[in-house]
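No experiment lies behind these values; they were computed from the predicted model shown.
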Amino acid sequence: MAPRTDFPPIRACLFDMDGLLLDTEDLYTLCINVILEKYGRTSLPWSIKAKLQGRPGPEANALFHDWAKLPVSDSDYLAELTALQQQHFPTAKPLPGVEKLLGDLGRTRWWDIKDQTGVKNGEKVNRDGNKAQRVHIALATSSTSSNFAVKTAKWTELFSVFESHRRVLGDDKRIQSGRGKPLPDIYLLALKTINDSLEKGEKPITPEECLVFEDSVPGVEAGRRAGMRVVWCPHPMLKNEYEGREPDILAGRMGEAGQVDVHQLGEIDDGWADYFIDLTNYPYDKYGIVVPPAEVELDASMKENTNDEIVAQDVNSTAA
């Protein structure tokens, strides 16, 4: 089919975390392989890892144990895995382009700031036909609160761009059990956290005005099922695993959720999703995003608290 090109400008960006913002996917693999080796199993292949990525802990654990068949109880396995994760997760680092991308998007809040006459900065700018407007951002990760805290402890300032009420984590009680990625609930909830906190009078953001950033195949399907545009930025080994299936992935048609609400899925080459090798040199113009110059950060009105509290809970999993 002919790809759609008449999209409205993006007003919200919704981000996955593991393997997209932070380089945690190789750390997950490292921890799991230590345990697999201990019990005489082969290393975790990407054909299995690809199924675990992006999913909530319970679902990922079930898939893993069905494959690994370890001679230990689930609780003993999780205890060993948690100890390894606590050791290795603090070494996580942002992936290429992430710091600049989040900084640029966070800086778009400048367009919402009003001058002394009550006129928004964005109302004074129209660049290449694109209205200068704030791009709201939210986090939508299957990572639980405790793992989020460990992974981001050294990156509090970076993650402060995600306001605390716009962070949807894997153990969020608002998401029903069994409704994690590849189903759309987490992204629809992330959008709701934004719309619920817009300024009075601001028009609610629609799904097609949202851009989901994902590295996993189930995550891409979740974004497509939510009716949102999607950026797929996978681990190189995941890309190799699915070589030749990229159009199906971008359409959300890999069957990760089974034959459930198939009307939510996209069509091959419909223009709603794009593949990027990484997040460096991001093409904002393609999505109607206008980023203000870096010097606006010096304006006193742009100062905001970067010390949002990260709440930790004792919930652990294989892949989140």
Side-chain angles (χ1 to χ4, degrees), residues 10 12-29 46 49-57 60 89 91-106 135-144 147-148 150-152 154-155 158-162 166-170 172 180-182 184 186-187 189-191 210-226 228-242 246 249-250 252 254 256 273-284 287 289 317-320:
I10 290 299
C13 290
L14 312 179
F15 288 88
D16 175 50
M17 183 177 73
D18 290 294
L20 187 282
L21 299 179
L22 296 178
D23 64 348
T24 48
E25 285 302 338
D26 289 336
L27 298 178
Y28 274 115
T29 303
W46 267 97
K49 182 174 175 62
K51 298 293 185 181
L52 307 180
Q53 282 185 300
R55 297 179 185 271
F89 280 166
T91 67
K93 300 183 297 294
L95 284 159
V98 166
E99 291 175 274
K100 184 178 187 303
L101 175 61
L102 292 184
D104 286 348
L105 294 177
V135 177
H136 299 270
I137 64 175
L139 188 68
T141 174
S142 296
S143 217
T144 59
N147 279 344
F148 175 80
V150 175
K151 295 168 188 173
T152 63
K154 295 181 179 179
W155 303 100
L158 176 66
F159 279 85
S160 69
V161 73
F162 298 105
R166 293 181 176 182
R167 298 174 183 175
V168 182
L169 307 184
D172 193 306
K181 302 173 186 178
I186 192 169
Y187 282 117
L189 177 57
L191 174 57
C210 294
L211 184 61
V212 166
F213 287 79
E214 267 287 352
D215 69 304
S216 74
V217 174
V220 171
E221 183 170 328
R224 291 305 315 263
R225 286 177 174 273
M228 300 171 180
R229 298 173 71 183
V230 178
V231 163
W232 182 44
C233 187
H235 189 291
M237 293 301 293
L238 179 64
K239 178 68 161 54
N240 291 342
E241 182 68 27
Y242 285 115
E246 294 91 344
I249 293 172
L250 294 175
M254 291 294 287
E256 294 296 328
D274 299 291
Y275 160 74
F276 287 88
I277 191 170
D278 59 35
L279 296 177
T280 58
N281 303 312
Y282 197 75
Y284 298 111
Y287 300 95
I289 297 173
S317 67
T318 293

Spacing of [atom1] belonging to [X] relative to [atom2] belonging to [Y], to within rounding of 0.5 Å:
X: Leu21; Y: Lys151; atom1: CG; atom2: NZ; value: 11.0 Å
X: Leu169; Y: Asn147; atom1: CG; atom2: CG; value: 10.5 Å
X: Arg167; Y: Met17; atom1: CZ; atom2: CE; value: 10.0 Å
X: Leu52; Y: Trp46; atom1: CG; atom2: CH2; value: 10.0 Å
X: Ile10; Y: Tyr284; atom1: CD1; atom2: OH; value: 13.5 Å
X: Asp16; Y: Leu139; atom1: CG; atom2: CG; value: 8.0 Å

Which pair of heavy atoms, one from [X] and one from [Y], lies closest together, and at what distance?
X: Val220; Y: Ile249; value: CG1-O, 3.0 Å
X: Ala50; Y: Leu238; value: CB-CD1, 3.5 Å
X: Cys210; Y: Leu191; value: SG-CD1, 3.6 Å
X: Tyr187; Y: Ala226; value: CB-CB, 4.2 Å
X: Gly219; Y: Lys181; value: CA-CD, 4.0 Å
X: Val212; Y: Met228; value: CG2-SD, 3.6 Å

(request) Give a yes or no on whether a salt bridge exists between Glu241 and Lys49, defined as a side-chain N under 4.0 angstrom from a carboxylate O. (result)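 Here Glu241 does not pair with Lys49 in a salt bridge, since their nearest N and O are not under 4.0 Å apart.
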(request) Using a strict cut-off of less than 4.0 Å between a Lys/Arg side-chain nitrogen and an Asp/Glu carboxylate oxygen, indicate whether Arg55 and Glu256 qualify as a salt bridge. (result)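 Judged by the 4.0 Å cut-off on N to carboxylate O distance, Arg55 and Glu256 do form a salt bridge.
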(message) If we ignore hydrogens and angles and just use 3.5 Å, is the side chain of Arg229 paired with the main-chain N or O of Tyr287 as donor and acceptor?
(response)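 Side chain of Arg229 to backbone of Tyr287, a donor-acceptor pair under 3.5 Å: no, none is there.
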(request) Report yes or no: does Trp232 contribute a side-chain atom to a donor-acceptor pair with the main-chain N or O of Glu246 at less than 3.5 Å? (result)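 No, Trp232 side chain to Glu246 backbone: no donor-acceptor pair under 3.5 Å.
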(request) Might you work through the side chain to side chain contact (heavy atoms under 4.5 Å, CB included) test for Thr152 and Leu22, ending with a clear yes or no? (result) CA-CA 9 Å; Thr152 63; Leu22 296 178; 4.2 Å; yes
Does a side-chain heavy-atom distance below 4.5 Å link [X] with [Y]?
X: Asp215; Y: Asp18; result: no
X: Leu101; Y: Phe15; result: yes
X: Val231; Y: Leu211; result: yes
X: Leu102; Y: Leu158; result: yes

(message) Determine whether Phe89 and Phe148 satisfy the following criterion, ring pair (Phe, Tyr, Trp, His ring centres under 6.0 Å), listing intermediate values before the conclusion.
(response) CA-CA 9 Å; Phe89 280 166; Phe148 175 80; over 10 Å; no
(message) If you count heavy atoms of other groups shown closer than 6.0 angstrom to CG of Asp278, is the number above 12?
(response)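 Correct, the count exceeds 12.
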(request) With ring pair (Phe, Tyr, Trp, His ring centres under 6.0 Å) as the test, would you mind laying out the steps for Tyr282 and Phe213 before giving the verdict? (result) CA-CA 12 Å; Tyr282 197 75; Phe213 287 79; 5.5 Å; yes
(request) Could you give me the CA-CA distance, side-chain angles and deciding distance for Lys239 and Ile277, then say whether side chain to side chain contact (heavy atoms under 4.5 Å, CB included) is met? (result) CA-CA 9 Å; Lys239 178 68 161 54; Ile277 191 170; over 6 Å; no
